[in-house]
Amino acid sequence: MSRAIALIDGNSFYCSCERVFDPKLAGVPVIVLSNNDGCAIARTAEAKALGIRMGEPYFKIRQLCRSKGVRVFSSNYALYGDMSARANTVYRQFAPDVEIYSIDESFLDLSDVRERDRLALARDLRSTVRQWTGLPTCVGIGPTKTLAKLANHIAKTVPELGGVCDLSNEAERAAWMVGISVGEVWGIGRASRARLEAMGVDTVADLRDLDPRPARASLTVVGERIIHELRGRACLPLEIVPARRKGCAVTRSFSSRIIERTVLEQAVAAHATRLGEKLRRDGLAVSAVTVFYHTSEHDRGDPMRSVSTVVHLPEATNDSRHLIQAALHGVAKTWKEQGPTPWRYSKAGLVTTDLVPLDEAPRPLFDALDREKSGALMAAMDACNSRFGRGAVVPARAGLMEKRTWSTKFEMRSPRFTTRLAEVPAVSAIM
DNA sequence: TCTGGGGTCCTAGGACCC
DNA sequence: TCTGGGGTCCTAGGACCC
C-alpha cells in the first residue's frame with residue numbers, strides 16, 4: 001500500500017473558534033488580534049476581502065473595522081487550545097497515527113486506506129469535525145508531508161473541491177503544480193522565493209524539476225529535501241510522539257512603556273514564574289537563563305537600549321523561586337539608573353536553550369538544592385493554580401495578577417467558554 | 001613559490017513556520 | 001496613544017584540541 005499523509009487544518013482557526021460560540025458571527029468579517037491587541041493574526045474570508053492583511057497593526061485598521069462592522073477579538077488561547085484538543089480527538093477516531101503539528105494543523109497517516117477510499121474518508125472526517133466541534137476544516141492528501149501541504153492549499157483555494165484534495169496521483173499532481181506559485185510551497189519563504197524567481201523558477205513544477213543536489217548551493221539541504229518531497233520521495237517522517245523540546249521562552253510586550261526598575265523586576269519575576277510552570281509541566285529543568293529587556297524600535301527619537309544577559313544557576317532547576325532569583329540578578333547586573341530622558345522599555349523576556357529532564361540533570365557535590373521540598377512546594381502551587389485558575393497563588397515578587405499594571409492587554413477577549421466553569425455559556429430555550 | 005589536517009563545540013544570524 | 005509570541009533548523013566563523 002502506498003504512503004499517504006493527510007494534512008487537516010482549521011479554516012481561519014481562531015476566528016472559527018469564536019464563531020462556534022456566537023452564531024451571529026456567521027457571514028460577518030471577524031478578526032483575532034495578537035497579544036496586547038497588537039496585530040491581526042487571524043481573519044475570516046470576509047475580513048480578508050476587506051483588505052485586512054496578516055500581521056497588520058490594529059491601530060491602522062481600527063477605523064476600517066468600525067465602519068465595516070468587523071467583529072474584533074483579543075486572543076483567547078485557553079479557548080483555542082481546548083478546541084484544538086477536541087478536534088484532535090476526532091481526528092484520532094479516523095486515523096490513530098496523528099502528528100499534532102500546530103494548534104490548528106495535524107498530519108494523519110492514511111497509508112492503510114485504499115487510494116480510492118481516501119477522498120470519501122476525508123469528506124467524512126471534515127463533516128464529523130464540523131458536527132462534533134463546530135469547526136470548519138480543509139484536508140489535503142499526498143504521499144509526502146510537503147505534498148499534503150500543497151494539497152491542503154489547493155483544497156482551501158479551489159471552492160469546487162469542497163474542502164478536500166487528494167494528490168496521490170502523480171499525473172494530477174503535475175497538472176496542479178504548473179499553475180501554483182513557488183512561494184506557496186511549505187518551507188519556501190520570502191528570501192528563497194526571491195532567489196528562485198531570479199533563477200527563473202516561478203512555479204511549483206519548476207521547483208520540482210530542479211536537480212536536488214546542486215539546488216543545495218542556493219537553498220541549503222532544506223531546499224534539497226523539499227524538491228525530493230515534491231517528487232513524492234518522503235524526507236520528513238510523521239512524528240507521532242513529539243520530540244523533546246529544545247528551548248523555552250517567556251517574552252511579553254508591556255501594555256505601556258515602563259521606566260521604573262521595580263516594575264521591570266516584577267515583570268521578569270512574573271515571566272520566571274510562568275517559565276517554571278512550563279518547565280514543570282514537561283518535567284524539564286534549566287541551568288542558565290537569558291534575561292532581556294529593551295526599548296521599542298517604533299519609538300523613533302527616544303533613547304534606545306537593548307539588554308541581554310545570561311545568568312547561570314548553581315544547578316539545573318525548574319523551581320520558580322530559583323528562576324525568579326536568576327531573573328532579578330539579570331536585571332541587577334544590567335540596570336542603568338534613569339536620567340532626565342529615561343529609557344522607555346517596551347518588552348522583557350526570559351529565554352532558555354539548555355533544557356534537560358530534571359531527573360537526568362547532574363547534582364552538585366556540595367550544597368545541592370533540596371529537590372524533594374522544592375518539588376512538593378511547586379506541585380502544591382501548580383495544583384492550586386490548576387484548580388482555581390492561573391495566578392491564584394503566585395510568588396510575592398511576581399505580584400498579584402490584578403496589580404500587574406504592565407501586563408499584556410486583552411481588552412476584547414471572549415469568555416473561556418470551555419475551560420472555566422464560571423464562563424460556560426448560558427442557553428435559554430422558549431417552549 | 002606554496003600555507004597541515006581534521007575534529008568538536010559554541011555562538012550569532014538568517015530563514016522559515018504557525 | 002496604539003506594531004505578538006514561541007518555536008525549529010541550518011550555516012558560517014571562531015576557539016580550541018590533537
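- Checking the phosphate oxygens (OP1, OP2) of B:dC17, no side-chain nitrogen or oxygen of A:Ser102 falls inside 4.0 Å.
- Atom CG in A:Leu350 sits about 13 Å away from atom P in C:dG5, given to the nearest Å.
- The partner of C:dG13, taking Watson-Crick or G-U wobble pairs whose two distances both stay under 3.5 Å, is B:dC10.
- Taking the six-membered ring where the residue is Trp, A:Trp186 and A:Phe107 present tilted rings, their angle falling between 30° and 60°.
- Of the two residues contacting DNA chain C, namely A:Arg252 and A:Pro57, the nearest-nucleotide position lying further toward the 5' end is that of A:Pro57.
- Rounding to whole angstrom units, CG of residue A:Leu236 and P of C:dT8 are separated by 16 Å.
- Remark: side-chain polar atoms of A:Ser12 are paired, donor with acceptor, to backbone N or O of A:Arg43 under 3.5 angstrom.
- Atom CZ of A:Phe254 is separated from atom P of C:dG4 by 14 Å (rounded to the nearest Å).
- A:Ile188 comes within 4.0 angstrom of sugar-phosphate atoms only, judged by non-hydrogen atoms across all strands, and of no base.
- The distance from atom OH of A:Tyr101 to atom C1' of C:dC9 is 11 Å, rounded to the nearest whole Å.
- As rounded to the nearest Å, C:dG4 and B:dC17 have C1' atoms that lie 15 Å from one another.
- A:Lys246 has a side-chain polar atom (N or O) that falls below the 4.0 Å cut-off from OP1 or OP2 of C:dC9.
- For the pair A:Asn76 (side chain) and A:Pro415 (backbone), a donor-acceptor distance under 3.5 Å is present.
- Distances shown here put every side-chain N or O of A:Lys145 at or beyond 4.0 Å from the OP1 or OP2 atom of B:dC17.
- In this structure, A:Val32 reaches neither bases nor backbone, as no heavy-atom distance under 4.0 Å exists between it and the strands shown.
- Within the structure, every side-chain polar atom (N or O) of A:Thr408 is placed at least 4.0 Å from both OP1 and OP2 of C:dG4.
- Ring geometry for A:His294 versus A:Phe292: interplanar angle under 30°, hence parallel rather than tilted (30 to 60°).
- Distance, A:Ile100 CD1 to C:dG7 P: 16 Å, rounded to whole Å.
- The shortest distance between the side-chain N/O atoms of A:Ser253 and the OP1/OP2 oxygens of C:dT3 is not below 4.0 Å.
- Taking only side-chain nitrogens and oxygens, A:Arg244 never comes nearer than 4.0 Å to OP1 or OP2 of C:dG7.
- Of the two residues contacting DNA chain C, namely A:Ile41 and A:Arg225, the nearest-nucleotide position lying further toward the 5' end is that of A:Ile41.
- Distances shown here put a side-chain N or O of A:Lys149 below 4.0 Å from the OP1 or OP2 atom of B:dC18.
- Nucleic acid contact for A:Asp37: none, since no nucleic acid atom lies under 4.0 Å from a heavy atom of the residue.
- By the 6.0 Å and 45° rule, A:Arg62 does not stack over the aromatic ring of A:Phe59.
- Using a 4.0 Å heavy-atom criterion, one finds that A:Tyr58 contacts no nucleic acid atom at all.
- Close to C:dG5, at under 4.0 Å from its OP1 or OP2, lies a side-chain N or O of A:Lys347.
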